[in-house]
Structure formats: structure tokens, C-alpha cells
There are 2 protein chains.
Amino acid sequence: MRDATLRDVAELAGVSARTVSNVVNGYAPVTEPTRVKVEKAIKELGYRPNVLARNLANGRSGQIAVVVPFLDVPYFSELLQAIIPRARERGYHVLIDQTDGDAAHERELIRRGARAALFDGMIYSPLGLAQEDLAESDPTFPLVLLGERSSNAFFDHVGIDDVEASRAATAHLIGLGRRRIAAIGDQPYPTGEAAQLRTLGYRQAHADAGLPVDESLIIQTLRFNRADGAAAMRALLDRDDPPDAVFGYNDTVALGALHEVLERGLRVPEDIALIGYDDIEEGRYANPPISTISPDKDAIATTAVERLLMRIDSKEPLPGIEVRASHRLIARQSTVGRAAPA
Amino acid sequence: MRDATLRDVAELAGVSARTVSNVVNGYAPVTEPTRVKVEKAIKELGYRPNVLARNLANGRSGQIAVVVPFLDVPYFSELLQAIIPRARERGYHVLIDQTDGDAAHERELIRRGARAALFDGMIYSPLGLAQEDLAESDPTFPLVLLGERSSNAFFDHVGIDDVEASRAATAHLIGLGRRRIAAIGDQPYPTGEAAQLRTLGYRQAHADAGLPVDESLIIQTLRFNRADGAAAMRALLDRDDPPDAVFGYNDTVALGALHEVLERGLRVPEDIALIGYDDIEEGRYANPPISTISPDKDAIATTAVERLLMRIDSKEPLPGIEVRASHRLIARQSTVGRAAPA
DNA sequence: CTGAAAGCGCTAACAC
DNA sequence: GTGTTAGCGCTTTCAG
């Protein structure tokens with residue numbers, strides 16, 4: 001049997017479509033008796049509004065897209081886990097896409113998606129796209145960018161203070177007496193901004209302590225995964241002058257490095273201390289548990305959704321703002337050893 | 001400026017809407033000259049079909065929903081990572097939702113989602129829902145269930161042979177000479193079917209080897225996460241007769257257990273051997289790397305999408321089939337120790 | 001407070 | 001081949 005439509009309900013209740021619509025959406029005030037009549041008809045027919053039609057009529061899709069480079073990177077799935085309920089609270093469904101860091105795909109998403117009416121706005125964690133690409137895109141499209149970046153006048157950015165966090169992570173290592181600290185995850189190309197900020201923090205910490213930076217200890221990786229971390233560590237350990245500490249630009253990289261260190265029979269943190277970035281659950285259960293920079297993921301998720309909906313609802317384009325969520329350093333066994341409190 | 005519509009294009013090209021639609025969708029044969037004219041007009045106006053309108057018109061949303069209990073469980077995100085591209089290849093977008101194992105929410109999704117026209121079908125990894133709940137739902141709704149389950153006449157199931165895989169995992173431990181093998185992750189309640197199948201395999205392996213099962217070694221957990229695994233292990237190690245091996249019902253549970261074992265200063269696998277289930281990347285980089293049952297995730301993803309689209313395209317309801325993807329046991333250091341090949 | 005009716009942008013019979 | 005046109009199901013202006 002065909003699904004019941006608004007019109008069917010109206011007919012059964014003996015009112016007009018307009019009234020049914022009002023009841024369903026709680027719009028205009030409706031007299032109690034008609035409300036009851038309509039609701040009875042709705043129940044009787046098992047009526048459910050067709051979202052598609054509703055969206056077509058009012059030009060909204062009721063969906064927001066969240067685009068991340070890789071879904072299986074724990075940081076992103078943990079963030080998504082926080083974003084989805086926030087969006088749902090506000091009546092939005094979340095369309096998820098992963099780009100594998102493919103710039104063409106990312107550009108395509110931004111450009112087409114909006115016009116296609118598939119989603120009303122987008123929360124986007126860029127990887128392949130450089131600032132210039134973004135500048136070209138339609139400034140009226142509701143877009144919130146994840147991660148700190150050099151400012152862009154049109155879109156919002158939500159992230160933590162990468163330079164400061166990285167400085168703190170490095171300083172933590174320096175404070176522990178380490179002097180040959182490797183940094184794994186630098187990315188020199190235009191799309192590696194987040195990585196570059198971390199490198200900046202790493203340098204600052206050295207400068208603050210009056211220590212020189214051994215450029216050969218700054219290792220570049222293409223992605224931010226376990227395999228890259230392990231490969232970088234392998235190279236580092238094969239050198240005549242291996243490092244005595246490692247700052248991984250995210251936890252996954254740090255965990256890959258940790259794996260390699262232990263594989264070689266070295267001790268953590270005695271021989272090599274390790275700190276990561278992101279505070280994914282996996283790091284808490286690693287052996288040993290790794291120290292890390294813990295961004296306030298809930299705040300990031302909440303703010304990103306908030307800002308996006310604000311942009312969607314706003315008639316005129318809002319200026320882009322920069323939101324900094326808080327973060328803190330969590331020292332675990334991988335830097336301070338067994339004695340330390342978890 | 002208002003976005004260009006089909007009608008605008010038709011006007012500019014001097015043809016009817018019908019023709020433009022034909023060109024856009026490549027439906028009916030169109031003469032070369034008109035095709036060119038229309039395409040030129042499309043380009044000139046920057047026309048993009050409005051997906052919403054198209055969907056409303058032909059009653060399809062072009063979206064499929066993938067519903068998992070928890071997004072931050074690596075197994076699910078790895079699976080999603082495989083599903084998304086498969087769906088995209090077939091022209092579908094993926095709407096992701098997580099239920100937190102909340103039965104009410106899961107039921108709601110199945111019931112409303114379809115009628116709401118938000119998605120054309122659903123790939124669903126049940127957790128809170130029991131078979132009875134599913135039986136009540138509309139059998140014409142295109143639905144593919146993830147994970148092995150006792151058969152249901154209406155829907156497809158895609159998974160690996162849980163009993164056999166669990167038997168193999170347990171037998172692996174027995175073959176290594178272990179005799180007090182704990183099983184962590186049993187779930188006795190109606191919605192814990194997958195867990196129960198694993199327990200069955202665990203028992204079978206013991207029966208095959210002529211070994212008795214110590215019921216007190218079968219530990220129940222509410223969820224399948226690291227914390228649960230760690231808690232279960234803690235209890236196990238506090239006993240006078242701790243186990244000499246552990247079969248974790250998934251890798252996360254096993255990793256939680258591993259963490260606890262090492263925390264106590266015990267050696268793996270010498271004191272306690274550990275095997276997990278799912279083969280998530282995290283397990284390969286754990287210290288030591290954990291042995292596991294590796295399901296063919298790509299096959300699962302591909303089959304699930306395939307079957308779902310088949311159901312969506314089919315006019316009459318298809319009978320439910322049971323698809324078994326392959327799996328294999330991967331022995332790593334957590335059971336066979338250092339000497340073994342990775 | 002409620003009814004009538006005009007779309008939202010596209011698809012697909014039904015003609016020509 | 002291509003034009004005409006009636007919907008898809010809902011929202012919403014404009015009357016009343």
C-alpha cells in the first residue's frame with residue numbers, strides 16, 4: 001500500500017493540508033480540537049512526513065557533511081563520534097565522506113555538494129587542499145574548517161593552538177633532560193600547514209631553552225599513520241647518533257615509532273622518551289601508555305557544529321573567525337616512566 | 001544570483017526541459033547538434049542538477065545508511081572506510097549513524113528512515129536489537145545485516161563463520177599447550193548473538209581436544225572495548241588460579257587485556273598468551289603485536305553493498321541469504337612469541 | 001485560525 | 001527525437 005501523504009491526512013481529518021502541516025511542524029497556533037483530530041488521523045494512517053519533499057520545498061537538505069581525509073584514523077572517528085550527536089540534537093543528519101587526501105575530490109566536494117542541495121553546509125578537515133584552493137570557493141557556502149590554519153577571511157577555523165601545544169610537548173621532553181629530540185611528521189608542502197605549525201612549536205621550545213635544533217632530526221612523513229611513524233623511527237635508529245626522545249605529530253605516528261623502538265629491544269622511556277598528539281584512546285592503552293597533547297574534542301565538535309549552523313541560518317555571509325579550543329599535556333609512562341601517576 | 005535550473009538551460013538552449021533532462025541523464029537518444037547546444041548552455045549557466053528535486057521526482061534518495069553501534073571502534077571505522085568507496089562507485093552517498101547500542105534508537109532508524117525517504121536502504125550492524133525486533137520491521141525495506149546471526153528469512157546477513165573462527169582461535173591456543181584459556185566477551189542476553197557464537201566455538205575447540213571447559217573462565221562484558229577487556233583481565237589476574245591464555249572476542253578487548261597483563265609485569269606470551277578477533281591495524285602495532293582472526297573486510301564491504309543495491313533495485317522482496325566471507329588466523333607474537341614470523 | 005493554490009526543480013508518461 | 005505537462009509531497013503566501 002502507498003504510504004500516507006499529507007493530503008491523505010488532511011482528507012481524513014477533514015481539514016486542509018495547511019493545517020496538517022501546521023500541526024506537524026508546530027508552526028502556527030492550532031485550536032486544540034483540530035490538533036487532536038489531525039493527530040488522530042496521523043496516527044491512524046501511520047503518516048510520516050517525507051523529508052525529501054519537505055527539503056525540496058524549503059530549500060534545505062537537513063544534512064551537513066563532515067569530510068575527513070581518513071575515517072580509520074582514530075582521531076577523526078573520535079571526533080565524528082562527538083559531532084554526530086551534536087548535529088542530531090540540532091535536527092541535522094551527518095553525511096560522512098573521506099577524501100583520502102585527494103585534492104581533486106576535496107575540491108569537487110566543496111564546489112558541487114552545496115549546489116547539489118545534498119547538504120546545507122560542511123565541516124571539513126582539509127588535507128589535500130591548500131589555502132588558495134579554498135579562496136577560490138564560494139564564500140557564501142557554509143563551511144567550517146577543522147584544525148588551525150593561517151587565517152582565511154571567509155571561513156571559520158576550529159582547532160587548538162598547534163604552535164603552543166607543540167612547544168609544550170617539546171619543552172616537556174627538554175625538561176626531562178632530553179637533548180636529541182626527533183620530530184616526526186613534518187610536511188613542507190603547501191597543504192601541510194598543520195604539520196608546519198607543530199614544527200614551529202618544536203623550534204620555539206628549543207629556542208626557549210637556548211638549545212640548537214638539529215635539522216636532521218626533523219623527519220617528514222607523507223601521511224600521519226602508524227606505518228609512517230614506524231618507518232621514520234627505523235631510519236632514525238639506524239643512524240649513528242639516534243635520538244633520545246621523539247615528538248610524534250600525532251598519536252598514531254608516535255605509536256608506530258613506539259612499536260619500532262620496542263621491536264629493537266630498546267626501553268621506553270629510559271632509552272627513548274616518546275610523546276604524541278591527539279590523545280586517542282589507543283594511546284592510553286598502549287604499552288607503555290604514551291604521553292600526549294589532549295585537545296578538547298568535545299569543545300571542538302560542539303563549536304564546529306554551532307558555527308556551521310549559525311552560518312547556515314545566517315542570510316548574509318559571516319566573516320570567518322578563528323576558534324581555539326583548549327588543550328593540555330598528559331604525561332604518561334612513555335615520557336615519565338613507571339613512577340608517574342597515570 | 002539564483003542557481004540555474006533545468007528550465008533556464010532549456011530556455012537558453014531553445015529546447016524543452018525534457019530534452020535537457022535527457023542530455024543530463026543520457027537517457028533517450030538525442031541528436032548530436034541538440035546535445036551540443038544543450039551542453040553549451042549547461043556550461044554557460046554553470047548548471048548542476050538539484051539532487052533533492054531529482055530524488056523527489058523519482059522516489060529515490062541516492063543515499064544508503066550505514067548504522068554501527070560505535071564509530072570509534074576501529075573495526076567499524078575500518079569497515080566503513082571500505083564501504084564508502086564501494087557505495088560511491090555505484091553512485092550512492094553514505095549516511096552514517098551510530099546508535100551507541102541503544103535499541104530504541106536502532107528500531108526508530110529502521111522504521112522511520114525508510115519512510116522518511118532519507119535513504120534507500122541500510123547496512124546495519126545490530127547490537128541492541130534482537131531478532132524479534134527485526135522480524136517486526138517491514139520486510140520490503142532493503143536491509144543488509146552485518147555479522148553472523150541465526151537466519152532471518154527476510155534480510156541478508158554478511159559476516160564470517162564466527163563459530164569456526166572462534167574454534168580455530170581457541171584451538172590455536174590449545175595447540176600451544178595452554179590449558180586454562182579465558183574467553184572475554186560473552187554476552188548472554190538476547191542481543192548478544194555474535195558473542196554467543198564465539199563462546200560456542202570456544203567450547204567446540206575444547207570438546208575437539210577432549211578438554212573440559214572451566215565455566216568460570218568465560219567472562220562476560222557489556223561492551224567490546226578496551227576498558228572492558230582490561231577490567232575482565234584484572235579480575236582474572238586477581239584470582240588464585242589465573243589463566244595461561246586469553247581469547248578476546250575482539251581485538252579491542254584483547255588489547256585492553258594485554259595492557260592489564262603487562263601492567264602487572266607478566267610476560268606475553270610466556271605467562272599469558274593472547275589472541276583477538278577482527279585484525280584491526282592497532283593490533284599489528286601493539287607491543288607485542290597480537291594474534292587475531294582476520295575477516296576479509298573488503299569482501300564483507302563489497303558484498304554488503306552489492307546485496308543492498310540488489311535489494312533496492314528489485315521490485316519484489318528478495319529472500320534473505322546468508323553470506324559468509326572468508327577469514328584466517330594470523331599468529332603474531334602475543335601467542336607464538338618473538339621467534340615467529342610476523 | 002484555516003483554506004486554496006502556487007510553487008520547490010526534476011522526471012517521465014503521453015503526444016506529435 | 002523532442003515538446004507538453006502532470007505530478008513527486010511538502011511549505012507557505014495570500015485570502016478569508
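It should be emphasised that the depicted structure is a prediction, and the values quoted were computed from it without experimental measurement. Every chain is numbered from 1, with letters handed out A, B, ... down the list of sequences.
Where Thr34(A) and Leu6(B) meet DNA chain C, the nucleotide closest to each residue was compared, and Thr34(A) sits on the side nearer the 5' end. Along DNA chain C, the nucleotide nearest Leu56(B) and the nucleotide nearest Ser16(A) are compared for position; the residue whose nucleotide lies closer to the 5' end is Ser16(A).
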Show, in sequence, the C-alpha distance, side-chain angles and deciding distance for Leu71(B) and Leu80(B), and conclude whether the side chain to side chain contact (heavy atoms under 4.5 Å, CB included) test is met. CA-CA 9 Å; Leu71(B) 243 182; Leu80(B) 274 169; 3.5 Å; yes
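For dT11(C), one of the phosphate oxygens OP1 or OP2 lies less than 4.0 angstrom from a side-chain nitrogen or oxygen of Asn25(B). Regarding contacts with the backbone of dG9(D), every side-chain N or O of Thr5(A) stays at 4.0 angstrom or more from both OP1 and OP2. In terms of phosphate contacts, Arg54(A) brings a side-chain nitrogen or oxygen within less than 4.0 Å of OP1 or OP2 of dT11(D). One finds no side-chain N or O of Thr19(A) lying less than 4.0 angstrom from the OP1 or OP2 phosphate oxygen of dC1(C). Put simply, Thr31(A) has a side-chain N or O that comes within less than 4.0 Å of OP1 or OP2 on dT2(C).
The end-to-end axis angle of the helix from dC1(C)-dG16(D) to dC16(C)-dG1(D), rounded to 10 degrees and based on five pairs per end, is 30°.
Regarding Leu118(A), its CG atom lies at a distance of 15 Å from the P atom of dG9(C), rounded to whole Å. dC10(C) atom P lies 11 Å from atom CG of Leu52(B), rounded to whole Å. Atom pair Arg60(A):CZ and dT12(D):C1' shows a separation of 15 Å (rounding to whole Å applied). Straight-line distance from the CZ atom of Arg7(A) to the P atom of dA6(C): 12 Å, rounded to whole Å. Here dA4(C) presents its P atom at 12 Å from CD of Glu11(A), a figure rounded to the nearest Å. In this entry the distance linking CG of Asp8(B) with C1' of dC10(C) reads 13 Å, nearest Å. The CG atom of Asn50(B) sits 17 Å away from the P atom of dG9(D) (whole-angstrom rounding).
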Pairwise N/O distances under 3.5 Å, protein to nucleotides 12-16 of chain C:
unit_1  : atom_1 : unit_2   : atom_2 : d
dA12(C) : OP2    : Tyr27(B) : OH     : 3.3
dA13(C) : N6     : Arg18(B) : NH1    : 2.7
dC14(C) : N4     : Arg18(B) : NH1    : 3.4

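The side-chain contact (heavy atoms from CB on, under 4.5 Å) check on Glu32(A) picks up Arg35(A), Val36(A), with sequence neighbours excluded. Residues that satisfy the side-chain contact (heavy atoms from CB on, under 4.5 Å) test with Ala57(A), not counting sequence neighbours, are absent from this structure. Taking Glu306(B) as the reference, Arg90(B) meet the salt bridge (Lys or Arg N to Asp or Glu O under 4.0 Å) condition, with sequence neighbours excluded. For Val323(B), the side-chain contact (heavy atoms from CB on, under 4.5 Å) partners at least two apart in sequence or on another chain are Val158(B), Thr303(B), Ile321(B). With sequence neighbours excluded, the residues that form a side-chain contact (heavy atoms from CB on, under 4.5 Å) with Thr99(A) are Val67(A), Pro69(A), His105(A), Glu106(A), Leu109(A). The salt bridge (Lys or Arg N to Asp or Glu O under 4.0 Å) search around Arg54(B) returns none, not counting sequence neighbours.
Comparing dT2(C), dC10(C), dG3(D) by their nearest atom to the side chain of Val15(B) picks out dG3(D).
Taking all atoms of both residues into account, the shortest heavy-atom contact from Leu79(A) to Leu146(A) is CD2-CD2, 3.8 Å.
Sequence neighbours left out, the pairs with a member in residues 72-82 of chain A that pass salt bridge (Lys or Arg N to Asp or Glu O under 4.0 Å) are Glu78(A)-Lys297(A).
Other residues, nucleotides and ligands contribute more than 12 heavy atoms inside 6.0 Å of the CD atom of Glu39(B).
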